[in-house]
Amino acid sequence: MGRRSEGFPDRFLWGSATASYQVEGSVNDAGRGPSIWDTFSHTPGKVANHDTGDVADDFFRRYRDDVQLMNGLGIQAFRFSVAWPRVFPTGGGMPNPQGLDFYLRLVEELHAHGIEPFCTLYHWDMPQALQDRGGWESRDTAYRLAEYAGYVAGKLSAVGVKHFFTMNEIRTFVELGYGNGTHAPGLKVGRKRLAQLNHHALLGHGLSVQSIRAHAVGDVQVGVAENPIAPVPVTPSGDDIAAARTAMREENASYLTAILEGVYTDRYLAGLGVDAPHFTAEEMRIISTPLDVLGLNFYTSTYVRASHSPASYETLALPADFPHMASSWLTVSPECVHWGPRLVHECWRPKAIYITENGCSADDGLNANGECLDTGRIMYLRNCLSQLEHALAHGAPVQGYFVWSLLDNFEWADGYGKRFGIVHVDFKTQKRTPKLSARFYQKVIEGNGKNL
Ligand code: GBH
């Protein structure tokens, strides 16, 4: 295998990421309709500390300052999401021009600072009106998403946006939103309905890819940003690596595998038995519409080894003392940034990969000098970026990396209690203070990652 020398390619893109509901605030301004996250966060007991996204980082009004902040750090690309209920307050019908206008102004500001905009259409803030008609349980929602995605992509590509992701983390909004109910809309629908709505979400992705291409002005790159389970071979033996490759396909069977292969694996369907989703060959063709780019979000690893069971791999439970960051789920397991892109490359040969999210929570406060010395986050990021070099060396076509997140923000069910930013936000005053990790990232960008 032709191994390149270690290191990042010359035109590697260094970015930061956010999502609409997590940063924007101004939820009742400029004609925005309610989203399922407004409803959910205002339902007592759903979000820690009764936090809501009503104000968040006030990014809707402060985006100019935040773009300037990114520019000062040398950040080259910004991944943001569009709030569907800003553009279509009730999910469909007539677009709300004021809602779209915000994203046009944001893109203009980014371009003025030489920052490449990367747009995600659906980062979980579905218009409440569509949830009232079934949300992802309704097949019709897939068509509504595609209409909205095509409309926005038409407008934003006309002002020079070149990269579009249909959705963020289908697994998360399916399994947390409808499986265990810890995310909006907070349902627990059971296995059969879950498999069917998962299928509708995939269909929404595929229809949106087609609709974005049909409406886009000029050449655009279209993909999905998914968070596949990243199986890491617990030893580098050939058997364990082969097991990890099998695990990559099977553990992600109803997400990436279906999207990139256009099939549900036999094992997935057999496992569901009578609860398997209804689907047609035509739908599977739509779902697997070829992509230009693949966005991959990686935070944690799943350790696997070869086994003689019919499954051919065994997932290892983590010992109780396995280290983690401020969020208990966020293990310090940076190998996912090596094996994740590498196994995706080996399994499916995508044309281009972006790491669309990677980062961690930490208990960040300001010291007496007003500094946030988040050495834990620097440790986490440095290790992940070093692992990414291995993925590149093994030929994974990774073209860029987006740290999650630019700013501390509304961390879904954890509210503002978990901080993921490289920039500290004082939620009382909205004051931004770059953490030490922002300085670290700035230097990494300056050295194009050759100085880790
Ligand atoms: C990403 O999800 C999201 O895209 C982003 O919006 C988010 O802010 C960021 O990560 C940080 O969390 O609490 O034990 O039930 C990452 C995948 C899936 C990780 C859900 C946390 C909940 C674990 N996430 N998971 S638990």
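As the structure lists them, so they are numbered: ligands from 1, and atoms in each ligand from 1. It should be emphasised that the depicted structure is a prediction, and the values quoted were computed from it without experimental measurement.
- Not one N or O of Asn409 is nearer than 3.5 Å to an N or O of ligand 1, by distance alone.
- Of all atoms in ligand 1, numbered sequentially from 1 with element shown, those under 4.0 Å from a heavy atom of Glu411 are 7 (C), 8 (O), 11 (C), 12 (O).
- For ligand 1, the atoms lying closer than 4.0 Å to a non-hydrogen atom of Asn227 are 17 (C).
- At a 4.0 Å cut-off, at least one heavy atom of Leu176 sits close enough to ligand 1 to count as contact.
- The only option from Asn297, Asn227, Leu296 that meets the side chain to side chain contact (heavy atoms under 4.5 Å, CB included) definition with Glu357 turns out to be Asn297.
- In this structure, atom 21 (C) of ligand 1 lies nearest to the protein heavy atom Trp329 CE2, 3.2 Å.
- His183 does not count as a contact of ligand 1, since none of its heavy atoms falls under 4.0 Å from the ligand.
- Near Trp124, the atoms of ligand 1 lying under 4.0 angstrom from a non-hydrogen atom of the residue are 3 (C).
- In this structure, the ring of His390 has its center no less than 6.0 angstrom from the ring center of Trp339.
- With hydrogens and angles left out, the side-chain atoms of Arg79 and Thr120 include a donor and acceptor closer than 3.5 Å.
- When the options Lys192, His199, Arg193 are evaluated for a side chain to side chain contact (heavy atoms under 4.5 Å, CB included) with Pro277, the one that passes is His199.
- For the pair Val403/Asn358, no side-chain contact is recorded, criterion being any heavy-atom separation below 4.5 Å from C-beta on.
- Remark: the backbone N or O of Tyr143 is not paired with any side-chain donor or acceptor of Tyr148 at under 3.5 angstrom.
- Atom 1 (C) of ligand 1 has as its closest protein heavy atom Glu357 OE1, 3.2 Å.
- Arg171 does not count as a contact of ligand 1, since none of its heavy atoms falls under 4.0 Å from the ligand.
- For Asp54 and His42, the side-chain atoms include at least one donor-acceptor pair closer than 3.5 Å.
- Within a 4.0 Å radius of atom 13 (O) of ligand 1, the protein contributes at least one heavy atom.
- For atom 17 (C) of ligand 1, the nearest non-hydrogen atom of the protein is Glu169 OE1, 3.4 Å.
- Scanning the protein for heavy atoms near atom 18 (C) of ligand 1, the closest one is Thr172 OG1, 3.6 Å.
- Because its NZ or CZ atom is both nearer than 6.0 Å to the ring centre of Phe60 and within 45° of the ring axis, Arg86 counts as a cation-pi partner of that residue.
- Each of Asp364, Asp363, Asp374 was scored for a salt bridge (charged side-chain N to carboxylate O under 4.0 Å, His left out) with Lys435, with one residue passing: Asp364.
- Each of the atoms 4 (O) of ligand 1 lies under 4.0 Å from some heavy atom of Asn168.
- Among protein heavy atoms, atom 10 (O) of ligand 1 sits closest to Tyr299 OH, 3.2 Å.
- By the criterion of a heavy-atom distance under 4.0 Å, neither the backbone nor the side chain of Lys418 is placed next to ligand 1.
- Atoms OG and CG, from Ser254 and Asn198 in turn, are 4.0 Å apart once rounded to the nearest 0.5 Å.
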